[in-house]
Amino acid sequence: MIHLDRTGDVFTLTMDAGENRWNTTFVRNLAEALDEVEASTGPAALVTLSANEKFFSNGLDLAWVADPDAYPEAGDRVAFGEEFMALMGRIITFPMPTIAAINGHAFGAGFMSALCHDVRFMRADRGFVCANEMQLGMRIPNPELALFRHKLPMNVYFETVQLARRWAGPDALQAGIVQAITPLEELREAAIARATELAPLAANRDNYGGQKEALFGKNAVLNGPHGPAHMLKNAADFH
Amino acid sequence: MIHLDRTGDVFTLTMDAGENRWNTTFVRNLAEALDEVEASTGPAALVTLSANEKFFSNGLDLAWVADPDAYPEAGDRVAFGEEFMALMGRIITFPMPTIAAINGHAFGAGFMSALCHDVRFMRADRGFVCANEMQLGMRIPNPELALFRHKLPMNVYFETVQLARRWAGPDALQAGIVQAITPLEELREAAIARATELAPLAANRDNYGGQKEALFGKNAVLNGPHGPAHMLKNAADFH
Amino acid sequence: MIHLDRTGDVFTLTMDAGENRWNTTFVRNLAEALDEVEASTGPAALVTLSANEKFFSNGLDLAWVADPDAYPEAGDRVAFGEEFMALMGRIITFPMPTIAAINGHAFGAGFMSALCHDVRFMRADRGFVCANEMQLGMRIPNPELALFRHKLPMNVYFETVQLARRWAGPDALQAGIVQAITPLEELREAAIARATELAPLAANRDNYGGQKEALFGKNAVLNGPHGPAHMLKNAADFH
C-alpha cells in the first residue's frame, strides 16, 4: 500500500493503493512510513509519489465512507476524521523538506496532502488538482480552509475553495499552487533532484521543523493581532 | 437606474445611472434588485454590468456628498455610509456565484463593488480599476482595507491601497485582480457564459453562502490566532 | 557611510560601507539620515541606493557579531538587535513613498531593509535577494517572519523563508517581490523617476504614514479576528 525507499539523502514514499483514496488503514500505513523517515538523522528530504499513472490521490474512500462494514480492511471509520486531519497537520510541519510529485489527479483529501508538502512538482500535460467540495454541495471544514489559506495567494485561494476550480499543471504553476511542471517521464527524477538540493536544510531538524511550527502551528505568528511594524519596533517581545 | 433581467439561471443586473456613482438612492435600488435575485431558488448566478460604455462605476457621488441638499433625489446623506458598507458586505457573501463585468473605469466604491463579486471579467483595451484615496489625501477605511486584503495577493494589495495604482486590464489579470479579460464586445457574453457554468454551485444556497461567511464573516477562519497545523491536529475543535 | 542628497522632491540615500553590512554604527547613521528626510515637508519620496556595484547589502556584520571588541567602530553590540529591528519598523511605516534600488545581492538583513520599502527596483542580470537563515541553521525571528508575511504572496513567502530561495531579478519580478527590473546602468534613474511620480502622495504625511501604520502597525486591521463581510456590515465599529 505504501512503499518506502531511500537513496542517498532522499526518501521516496510511493502510494500504491489504486486511486490512493483515504481511509483509516491508508492513513495508518502512511503514518508508519513517516515514522521511519522521521527516525533518520542528518540531511534528508521526502518525495511522495503515486504508483498509479492517472491518479496522485483521488480523495476520500467514498465507497467505504458510505458503507464501512462492507470494507473492513479499510479500518476504523470512527477514527478516520481526526487521524486524517492530524496526519495532514504532521506533514505540514514535517522536520525536513517534503516534495509531492503530482503525476495525475489530486482531488479533495489528495490535494490537501499535496499542499501539506513544502514543494509540489506536477505533470505538465494531464491531471487536475481540485478541492471539489462546493460542487458536491459540501462545506470545506475550517482546518482545510486554513490550510489552503496559508499556502496560496488570496485570489488563488478563493478560486480554489469557493469556485472549486480544477487546476491543470500550467495554470497551477502560474497561480503558485505548484512550483514546477515537467513531462510525466521526468517528474520522478526532477522531484528527487530537487529533494537532493533541499536535503541539507534538514541537517538541523529542530530548526527546520520548528520554523514550520512557527509558520503553521499554534499561535502562528502570521495570525497575531499585530503587524510587522509593531513587532519590529518591539522585537524583544516577539521571540 | 437598475435593470434586472433573467435568462436561464443567470440574472443580469445592469447599472444605468450615468457614471454609476454611489449615493443612498443608488444603494437602495441595487439592494432591492438583490432582494429579487435572492428570492429565487435553485441554481443561479449574478452578472453585474454597466449600461455606460466608459464607466463601470466611477465611485462616490461626490457632487451629492459635497452638497446633499442640491440633489434630494440622491437620498438620505446620513444613512449612506452605513448602508453602502452593509451592501458591500452583503454582496461579498451573496449566496450564489457573482461576476462583475468591468467594461470601463471602476474607481473607489466602484472598485470595491467589483471586488465584492466572486469573479471579475474586464475589458482588455481600456479602463482602469483603482482605489485612489491616497491620491486624494484620504485614508481608506478599515473595512475597505480588509476587503482588499482578503481578495488580493499581499504585494498587489499594497500597490493598490497604498500607492493608488491604476490597473489596466492586462495588468489586473496578471496580478490576480480580475480573472479574465476580453474585448469590450465580447465581455457581456463571456461573463454570462461563465455565470452559466458556475450557477450549479448555487443549488445549495446555504452551503455556498455559508462558506463565504466562513471566509469573510465574523470570526473568519482565516484570521484566527492558530495556523493550519494546529487546526489540522485538533480538527474536532474547529468545525 | 551614508550619503544623503536631494533633487527636487526626491531624496537619495546612498549606503557606502563596502558590502553594507549591518552593525550599530550603520543603523545609527542611517537613522540620522532618515531624521533629515523626515524633517522635510511637502511632497517627497526616498530612494535607497548602494555605492557598491555588487552588493545592495550583504546582511549582518558577522565579523563584528563574532568578535565585537575587535571592531569598536561598529558600535554597541548589545544595542544592535533592538535598534536594527526598530529601524526596520520605522522604514516600513515611513511617511512618504520609499523605493529600494537593488543593484546587487540583498541577503538577510539587507533583504529585510529592501522589503521595508514601498517599492523595489532590481538589477535584471545579476544579484540575488535571499533570506538564508534556514541554510545557516538559524530560525528567522518572528518579527522578520511577520515582515515577509505582510509583503509577499503566501506561496512566495513560504519559498523565501522556509526554503531560503535565492531570487534573481526576473523571478523576483514574477513573484511580486520586486516591482520592476532594469539594466544596472538604468536602475538609479528608473528608481528616481518612479519616486518622482510617487512623491505627491507624501503631500499629506500624516495620511500616507497613518495608513501604513494601519496596514503594518499595532492591531493591524489585516490581522483582526473578523473578515471583511463582518467589518463591512458593521463599518461604524471599525473606523
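Just so we're on the same page: letters track the sequence lines, and every chain starts at 1.
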Okay, Val156(A) and chain B: the region with an atom under 4.5 Å from a heavy atom over there is neither
Give the member of Met138(A), Met112(A), Glu133(A) that has the highest number of heavy-atom pairs under 4.5 Å with chain B. Met138(A)
For residues Phe158(A) and Phe148(A), establish whether the separation of their ring centroids is below 6.0 Å. no
Just so I understand: if I count every heavy-atom pair under 4.5 Å between each of Leu147(A), Leu163(A), Thr93(A) and chain B, which residue has the most? Leu163(A)
Part of Val119(B) within contact of chain A (heavy atom distance under 4.5 Å): side chain
Could you go step by step and tell me if Phe94(B) and Tyr208(B) meet the ring-ring contact (aromatic ring centres under 6.0 Å, His included) rule? CA-CA 9 Å; Phe94(B) 207 65; Tyr208(B) 192 78; 10.0 Å; no
Relative to chain A, which segment of Asn204(B) carries a heavy atom at a distance below 4.5 Å: side chain, backbone, both, or neither? side chain
Region of Glu83(A) that comes under 4.5 Å of a non-hydrogen atom in chain B: neither
Please determine whether the number of non-hydrogen atoms from other residues, nucleotides or ligands lying under 6.0 Å from atom CZ of Arg126(A) exceeds 12. no
Heavy-atom distances under 4.5 Å only: say whether Ile140(A) touches chain B with side chain, backbone, both or neither. both
Under 6.0 Å between ring centres, would you say that holds for Phe107(A) and Phe55(A)? no
Can you check whether Met96(A) reaches Asp118(A) side chain to side chain, under 4.5 Å on heavy atoms? no
Give a yes or no on whether the backbone of Trp64(A) and the side-chain of Asp61(A) come within a donor-acceptor separation of less than 3.5 Å. yes
If you tally heavy-atom pairs under 4.5 Å between each of Gln174(A), Gln162(A), Met88(A), Met134(A) and chain B, the highest tally belongs to Gln162(A)
